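Accompanying notes for the structure given below.
Just so you know, ligand 1 is whichever comes first in the structure, and atom 1 is the first atom listed for that ligand. We count residues from 1, following the sequence as given. These values consider heavy atoms only, across backbone and side chains, with no hydrogens, waters or symmetry-generated copies. In this text, all values refer to a predicted model and were calculated from it rather than measured experimentally.
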Amino acid sequence: SMSHHDRMSADSTKILDAVDADHIPELPLACWKGQEARVAKCQEHFKNKFQASPTFYIRVPGRVNLIGEHIDYCGYGVFPMAIEHDVLVMGKTETKPCSSRGPVLRLTNVGNEFDDFECSVDDIRSILENREQGVAPSWHLYYLCGVLGTIENMNKKEGDVYLTEICVDGRVPPRAGLSSSSALVCAAALATLVAYQGKFGRKEMANICAKSERYIGTEGGGMDQAIAFMATAGTAQLIEFVPKLNGEKVVLPENAVFVIANSRAEANKAASSCYNVRVAECRSAAWIIAKKEGISNFLDIIKLKTLQQKLGVSLKEMSKLVSKYLHEEPYTVKEIAEILGMDVEELKSMPLMAKINVAEVPLKLHQRAKHVFEEAERVYEFKKICESNTDGGDDSSKLSELGKLMCASHTSLRDLFECSHPRLDELIELSRPFTHGVRLTGAGWGGCIVALLDRSRVQNYLQCLEEKYYVKNFGQSSFENSVFVTQPGNGATILVD
Ligand code: ADP
Ligand code: NG1
Ligand code: MG
């Protein structure tokens, strides 16, 4: 299937170069090789539900982040690439009035565990605002995030679409840190764009989707939506967010192989407050350092990167400021409020703070901020090594340097950021003898690891994983859909029949 994928990649790269780098690529559905059986199955599902055939198709990939974890929401650059697993959305619209209750959206999903859903488009905002808190959101809510994001950013009134019928088929393992959620949100947003004949480029869509996925409750930093739209086959990208979204293609060393292994410990990010607590900790750290450095409007500085720019110092110096101003013992909200010269209630009612139960968790500002500055440095190091000239020599020293950065990233995520999981750490330890480097990828608390290794070691590594992790913990055949060798794939694509 890798060669089919490559063929599609080559086609769309050509189209892209010919048109406009920010244009969302459109490809004939027939160019999507190796997917015929899947498409046919989805079309059949669509026909059974809606007694018609879809007229447009959208494909959005998941991603693996190679390095730069939990720093996008602090404004720092990250290093992801798209994977071949994707979400496919098929749709059809009705532009003649067919109901008196305004525009209707009907959703169905090929996956058995995802129930059908139907609502009026006008109700989407209130459905999202009134969703139940503290539980795993229903799949359709992610879809609605994408729809709302696109609609509220379109300038023309979309009164001529009366009915949108949608069928989803997702192949990104859910709750595994490969961003199935953003693939779904972005696919929904792009399907809406196509349905309403809007025109946005890749970056606009990435920004819209980064914002709209927050309707699900998590204060994400935008990495997933950025790579979902901006990915280019054959390269990873350094994605920057400040001063504005930008992606820089980076070619990975030729003999580098990245293997993704799913720990099978699921982490549903929107079901708990773990993620938002980390965002809040990083924000509080920024406020405190800003205040102590004498910045008068310190509450306006919510990102550690903005703080760094304001202070005009290096990442190394930022790390020193962490040691200077933030103690290692966990903070309470009360102490943070005192340092900032605020009322506790006032602090608790700040945006984001109000969403989480800050009073109940120990806030480890020192550890989180230290991770962020060091991880941000590792991202630039990683890029530098990828781009360094090996002078005709082999790449193996490059791989070992990259690997060391990945290992350091994992240690920091485990010990300073505390977002690993015993299952992830077990996989990491098993992987070490076979790999140059290995780390958790995505938000963590479960999900996947990504390992960097020489092509020649892949077979032995996979065999070890199968025996010593999958068969041992989950029985025969659990290995099948849990491990994949991956290559940088393309971003969101519109497929035309
Ligand atoms: P991740 O993004 O790491 O995969 P999240 O917890 O952010 O994990 O999002 C997972 C959620 O996204 C799922 O619980 C589900 O609601 C939704 N989702 C993922 N894949 C699909 C799919 N194929 N169909 C419907 N919903 C999906
Ligand atoms: P996943 O693993 O997809 O939940 C999350 C965030 C990213 C980023 C990473 C950690 C969303 C949609 N995604 O990813 O922005 O912060 O964690 O690096 O919130
Ligand atoms: Mg997610």
Side-chain angles (χ1 to χ4, degrees), residues 42 45 60-80 83 85-89 107-117 131 135-146 166-188 206 209-228 239 241 260 262-263 265-272 274-276 278-279 282 371-372 375-376 379 409 412-413 417 419-421 424 439-448 450:
C42 296
H45 186 99
V60 179
R63 62 98 187 96
V64 59
N65 189 21
L66 300 181
I67 198 154
E69 220 65 82
H70 285 283
I71 61 174
D72 60 347
Y73 50 78
C74 299
Y76 284 108
V78 294
F79 207 93
I83 56 175
H85 301 68
D86 57 25
V87 167
L88 170 63
V89 163
L107 304 178
T108 187
N109 194 310
V110 174
N112 292 326
E113 70 267 44
F114 304 113
D115 293 338
D116 290 355
F117 180 79
R131 100 204 120 74
V135 299
S138 240
W139 79 278
H140 66 259
L141 295 172
Y142 291 88
Y143 196 94
L144 298 186
C145 286
I166 294 291
C167 173
V168 173
D169 177 43
R171 301 289 174 95
V172 184
R175 300 171 288 275
L178 300 178
S179 215
S180 69
S181 64
S182 304
L184 179 56
V185 170
C186 295
C209 292
K211 245 176 103 188
S212 63
E213 189 167 342
R214 295 191 192 121
Y215 290 128
I216 213 72
T218 43
E219 283 293 311
M223 156 169 70
D224 305 346
Q225 302 83 358
I227 197 66
I239 304 275
F241 305 95
I260 298 173
N262 190 342
S263 71
E266 294 197 334
N268 189 294
K269 265 64 71 179
S272 86
C274 296
Y275 186 87
N276 284 345
R278 293 298 180 278
V279 182
C282 292
H371 164 79
V372 170
E375 182 80 351
V379 172
S409 169
S412 180
L413 289 161
F417 225 73
C419 63
S420 191
H421 183 283
L424 287 172
R439 53 184 293 280
L440 71 81
T441 187
W445 296 291
C448 292
V450 58

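Counting heavy atoms closer than 4.0 Å to ligand 1, residue Phe114 contributes side-chain atoms (C-beta onward) but none from N, CA, C or O. Contact annotation for Asp169 and ligand 1: no heavy atom of the residue comes within less than 4.0 Å of the ligand. If you look at Ala271 next to ligand 1, there are no close heavy atoms at all, none under 4.0 Å. At a 4.0 Å heavy-atom cut-off, ligand 1 touches Asn109 through the side chain alone.
Among the atoms of Ser182, none of the N or O lies under 3.5 angstrom from an N or O of ligand 2. Close N/O approach between Ser182 and ligand 1 is not found [any backbone or side-chain N/O within under 3.5 Å]. Residue contacts with ligand 2: Glu213 is placed with no nitrogen or oxygen under 3.5 Å of a nitrogen or oxygen of the ligand (distance criterion only). Between Gly221 and ligand 2, an N or O atom pair is found at a separation short of 3.5 Å. Below 3.5 Å of separation, one finds an N or O of Ala443 facing an N or O of ligand 2. Inclusion of Tyr275 in the set of residues having an N or O under 3.5 Å from an N or O of ligand 2 is warranted.
Close approach to Tyr73 involves these atoms of ligand 2, each under 4.0 Å from a residue heavy atom: 16 (O). Taking a cut-off of under 4.0 Å to the non-hydrogen atoms of Ser179, the atoms of ligand 2 that pass are 3 (O). Here is the list of ligand 2 atoms found below 4.0 Å of a heavy atom in Gly220: 19 (O). Against a heavy-atom cut-off of under 4.0 Å, Asn268 is close to the following atoms of ligand 1: 6 (O), 14 (O). The atoms of ligand 1 that sit less than 4.0 Å from any heavy atom of Ala267 are 6 (O). The distance from ligand 1 to the heavy atoms of Lys269 drops below 4.0 Å at these ligand atoms: 1 (P), 3 (O), 5 (P), 6 (O), 7 (O), 8 (O). Under a 4.0 Å criterion applied to the non-hydrogen atoms of Pro174, ligand 1 contributes the atoms 4 (O), 19 (C), 20 (N). Each of the following atoms of ligand 2 lies closer than 4.0 Å to a heavy atom of Gln225: 12 (C). Listed by atom number, the atoms of ligand 2 under 4.0 Å from Glu69 heavy atoms are 10 (C), 18 (O).
Expressed to the nearest 0.5 Å, how far CG of Leu440 lies from CG of Leu413 amounts to 4.5 Å. Between the CG atom in Leu141 and the CZ atom in Arg131 there is a gap of 7.5 Å [rounded to 0.5 Å].
The protein atom (non-hydrogen) at minimum distance from atom 16 (O) of ligand 1 is Tyr142 CE1, 3.3 Å. With respect to atom 14 (O) of ligand 1, the closest heavy atom belonging to the protein is Arg175 NH1, 2.7 Å. Nearest non-hydrogen protein atom to atom 11 (C) of ligand 2 is Asp224 OD2, 3.5 Å. Nearest protein heavy-atom contact of atom 9 (C) of ligand 2 is Met223 CE, 3.8 Å. Given atom 9 (O) of ligand 1, the protein heavy atom at minimum distance is Ser181 CB, 3.2 Å. Nearest protein neighbour of atom 23 (N) of ligand 1, counting heavy atoms only, is Gly170 CA, 3.2 Å. The protein heavy-atom contact nearest to atom 27 (C) of ligand 1 is Leu184 CD2, 3.6 Å. With respect to atom 19 (C) of ligand 1, the closest heavy atom belonging to the protein is Ser180 OG, 3.0 Å. At the shortest separation from atom 1 (P) of ligand 2 among protein heavy atoms lies Arg63 NH2, 3.5 Å. The nearest protein atom to atom 4 (O) of ligand 2, hydrogens excluded, is given as Lys269 CE, 2.8 Å; this is a heavy-atom distance.
Side-chain contact of Ser409 with Glu375: a donor-acceptor pair under 3.5 Å is present, judged by distance alone.
Nearest heavy-atom pair, Pro61 versus Ala228, reported as atom, atom and distance to 0.1 Å: CD-O, 3.9 Å. Scanning all heavy atoms of the two residues, the minimum distance from Ala226 to Ala206 falls at CA-CB, 3.7 Å.
Proximity of Gly62 to ligand 1 is not established, as no heavy-atom distance is less than 4.0 Å. For Ser179, the closest heavy-atom approach to ligand 1 falls below 4.0 Å. Residue contacts with ligand 1 include Ala176, since one or more of its heavy atoms lies under 4.0 Å from the ligand. Residue-ligand proximity: Gly177 is placed with a non-hydrogen atom under 4.0 Å from ligand 1.
Using the six-membered ring where Trp is involved, Phe417 and His371 have ring planes that are tilted, between 30° and 60° apart.
For the Mg ion (ligand 3), protein N/O/S neighbours under 2.8 Å (waters excluded) are Ser181 OG.
Selection from Val185, Asn276, Asp72 by nearest heavy atom to atom 7 (C) of ligand 2 gives Asp72.
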Mind listing the side-chain donor-acceptor pairs of residues 69-76 below 3.5 Å, one per line with the distance, residues two or more places apart or on another chain?
{"residue": "Glu69", "atom": "OE1", "partner": "Asn65", "partner atom": "ND2", "Å": "3.4"}
{"residue": "Glu69", "atom": "OE1", "partner": "Arg439", "partner atom": "NH1", "Å": "3.3"}
{"residue": "Glu69", "atom": "OE1", "partner": "Arg439", "partner atom": "NH2", "Å": "2.7"}
{"residue": "Glu69", "atom": "OE1", "partner": "Gly442", "partner atom": "N", "Å": "3.0"}
{"residue": "Glu69", "atom": "OE2", "partner": "Asn65", "partner atom": "ND2", "Å": "2.9"}
{"residue": "Glu69", "atom": "OE2", "partner": "Gly442", "partner atom": "N", "Å": "3.4"}
{"residue": "His70", "atom": "ND1", "partner": "Tyr73", "partner atom": "OH", "Å": "2.8"}
{"residue": "His70", "atom": "NE2", "partner": "Ala443", "partner atom": "O", "Å": "2.8"}
{"residue": "Asp72", "atom": "OD2", "partner": "Gly222", "partner atom": "N", "Å": "3.4"}
{"residue": "Asp72", "atom": "OD2", "partner": "Met223", "partner atom": "N", "Å": "3.1"}
{"residue": "Tyr76", "atom": "OH", "partner": "Gln308", "partner atom": "OE1", "Å": "2.6"}

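The shortest side-chain heavy-atom distance between Cys282 and Val372 falls under the 4.5 Å cut-off.
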